Amino acid sequence: MERVVQLSSVNLNKSTASVIKFLMDKGRPIFFRVPDNKNAWVIKRGQDEYHLKDLMKEILSNANKVTHCRDMTQQIKNKSNLINEVKQINRVCYGCLEAVDLPVLIAQKRLTINLLSVIMTFDTSGELILAPEINLKPNMNSIEDYSMLSPSALISVSCSEIVFTHKTVEHWAEDNSTLNQIVGFDVTFDSLAVYEADILKFIHNDLDSIPDDSPYYIPTELRGRSKLDQLAVIGFLLFEALNNKWINSNKLAIILQNKLGYKQTMAESAAFFINAEPGGIKGSHASVASNDKYPNCQFPFLVEALRISKFFKSDCDNKVSSEVVEFLGTCGFRHENCKYGELLVRYLKVK
């Protein structure tokens, strides 16, 4: 499950406009919070697949009538614009901005929304999904991870015509006169939300911001020596600063692959050590006390391994430290985690 965060609540190391442009170039979704005082309605017209069969039956029934033969093209054109159905969208959470709107938002820092193509809502498990009322494809429920979809992919499976009224408008009139009550609203930088995994590189954080009661705390004398510095910052950011209780290990490994360039097996071991609630065989050693806040986090074992590496001066020649491998093995970790754990604490030469 990918966590969604308000962009304005994150301490960015770049301007908000720069982050928006980055996400736009990467084809990643940018959401905005729909105001609580608005109702959202999806309009389904003649071209919607729900009504296509009825439309074709009517056209084919007239095909044998000479008087209608010349009018078929115009008939299709007219029919395709008719409103067949309007539904109110329940549990509205976020709208998704289209790429064409983002340059205006970046330049003006404000964008007026009158018409929308995509509305997102949370399902019962807390996953952000496409609102069921706008789904054009019933089998969209089979998608396991909506966060992998680009804005254009979301638009391609939606009804693509969403309008808004004030909250006081509770019913859509049969004669469609409610169209006269459609309203717009402004979206600003403060309204924006994104997937947290998309902006990790833009979140300002460093080792000095990690308190000494955190499982990701690295003592000053052990900093600047290994890959642990980067992992500590990411672990603290994901599990403490952003208050995640649990992240799927596979997704966490992918984050590390994308952000730090780790190979898959190394990323999986690194994910095990920084996860606040990791699966698999956990370690135990008299020299490593469990953290009060996150007792199952295994990162303190790597910090202790780093201390051992420094003590034996095995980080001077950038070779495998047998002392570190032996320590991690004594803790009870599986072979792969001992192997890559040693690599993670190995001396990182500053260029």
Side-chain angles (χ1 to χ4, degrees), residues 196-197 200 203 205-207 209-219 222-311 314-315 318 320-348:
E196 67 176 6
L200 287 181
I203 299 179
N205 215 320
D206 55 38
L207 291 174
S209 67
I210 302 177
D212 59 8
D213 64 346
S214 167
Y216 307 103
Y217 177 75
I218 299 177
L222 297 179
R223 299 175 187 177
R225 310 177 67 89
S226 70
K227 293 181 172 67
L228 290 199
D229 291 5
Q230 291 178 313
L231 288 178
V233 169
I234 293 175
F236 177 75
L237 170 65
L238 289 177
F239 294 100
E240 294 199 72
L242 293 176
N243 198 32
N244 281 305
K245 302 300 182 185
W246 180 85
I247 297 178
N248 179 279
S249 294
N250 292 332
K251 288 188 177 181
L252 186 54
I254 292 173
I255 290 174
L256 296 178
Q257 284 181 269
N258 293 337
K259 185 171 177 60
L260 302 180
Y262 289 176
K263 297 291 180 62
Q264 181 179 346
T265 49
M266 185 170 175
E268 289 172 351
S269 285
F272 166 79
F273 281 110
I274 70 170
N275 205 325
E277 292 291 341
I281 300 174
K282 300 177 181 62
S284 175
H285 198 277
S287 64
V288 181
S290 61
N291 183 264
D292 291 337
K293 292 187 293 185
Y294 298 94
N296 291 323
C297 182
Q298 304 298 289
F299 193 78
F301 289 92
L302 291 185
V303 176
E304 181 62 21
L306 182 60
R307 193 189 308 277
I308 292 172
S309 177
K310 181 176 183 292
F311 177 79
S314 56
D315 58 0
N318 196 27
V320 175
S321 169
S322 58
E323 292 86 4
V324 169
V325 174
E326 182 182 352
F327 166 73
L328 293 174
T330 302
C331 293
F333 293 116
R334 53 190 285 264
H335 172 73
E336 288 295 305
N337 287 336
C338 292
K339 173 185 174 180
Y340 288 106
E342 186 278 330
L343 191 58
L344 290 170
V345 304
R346 192 182 300 178
Y347 178 65
L348 186 65

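The model shown is predicted, which means the values in this text are computed figures rather than measured ones. Residue numbers run from 1 in the order of the sequence given.
Applying the side chain to side chain contact (heavy atoms under 4.5 Å, CB included) criterion to D213, with sequence neighbours excluded, gives P211, K293. The side chain to side chain contact (heavy atoms under 4.5 Å, CB included) test applied to N250 returns N248, not counting sequence neighbours. Contacts of K259 classified as side chain to side chain donor-acceptor pair (under 3.5 Å), with partners at least two apart in sequence or in another chain: none. Here R334 pairs with nothing under the side chain to side chain donor-acceptor pair (under 3.5 Å) rule; sequence neighbours left out. Residues satisfying the side chain to side chain contact (heavy atoms under 4.5 Å, CB included) criterion with S290, sequence neighbours excluded, are P295. Remark: E342 engages R346 in a side chain to side chain donor-acceptor pair (under 3.5 Å) (not counting sequence neighbours). With sequence neighbours excluded, no residue forms a side chain to side chain donor-acceptor pair (under 3.5 Å) with Q257. Contacts of T330 classified as side chain to side chain contact (heavy atoms under 4.5 Å, CB included), with partners at least two apart in sequence or in another chain: H285, E326.
Aromatic ring orientation, F327 versus F301: tilted (interplanar angle from 30° to 60°).
Closest of all the heavy-atom pairs between F299 and Y216 is CD2-CA, 3.7 Å. What you find for I281 and G332 is that their closest heavy atoms are CG2-O, 3.3 Å. Taking all atoms of both residues into account, the shortest heavy-atom contact from S309 to V324 is CB-CG2, 3.8 Å. In this structure, V303 and P219 approach most closely via the heavy-atom pair CG1-CD, 3.9 Å. Among all heavy-atom pairs drawn from L222 and L306, the shortest one is O-CD2, 3.3 Å.
No option in L237, L256, N258 other than L237 meets the side chain to side chain contact (heavy atoms under 4.5 Å, CB included) test with L200.
Taking CG from L207 and OG from S214, the interatomic distance works out to 10.5 Å, rounded to the nearest 0.5 Å.
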List the atom pairs, donor and acceptor, that lie under 3.5 Å between side-chain atoms in residues 262-279 and the rest of the protein, sequence neighbours left out.
residue: Q264; atom: NE2; partner: E268; partner atom: OE2; Å: 3.0
residue: T265; atom: OG1; partner: Y340; partner atom: OH; Å: 2.9
residue: S269; atom: OG; partner: N337; partner atom: OD1; Å: 2.8
residue: N275; atom: OD1; partner: E277; partner atom: N; Å: 3.2
residue: N275; atom: ND2; partner: I247; partner atom: O; Å: 3.1
residue: N275; atom: ND2; partner: S249; partner atom: OG; Å: 3.4
residue: E277; atom: OE1; partner: N296; partner atom: ND2; Å: 2.9

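Side chain of Q298 to main chain of G283: a donor-acceptor pair is present (N/O by atom type, distance under 3.5 Å, no hydrogens or angles).
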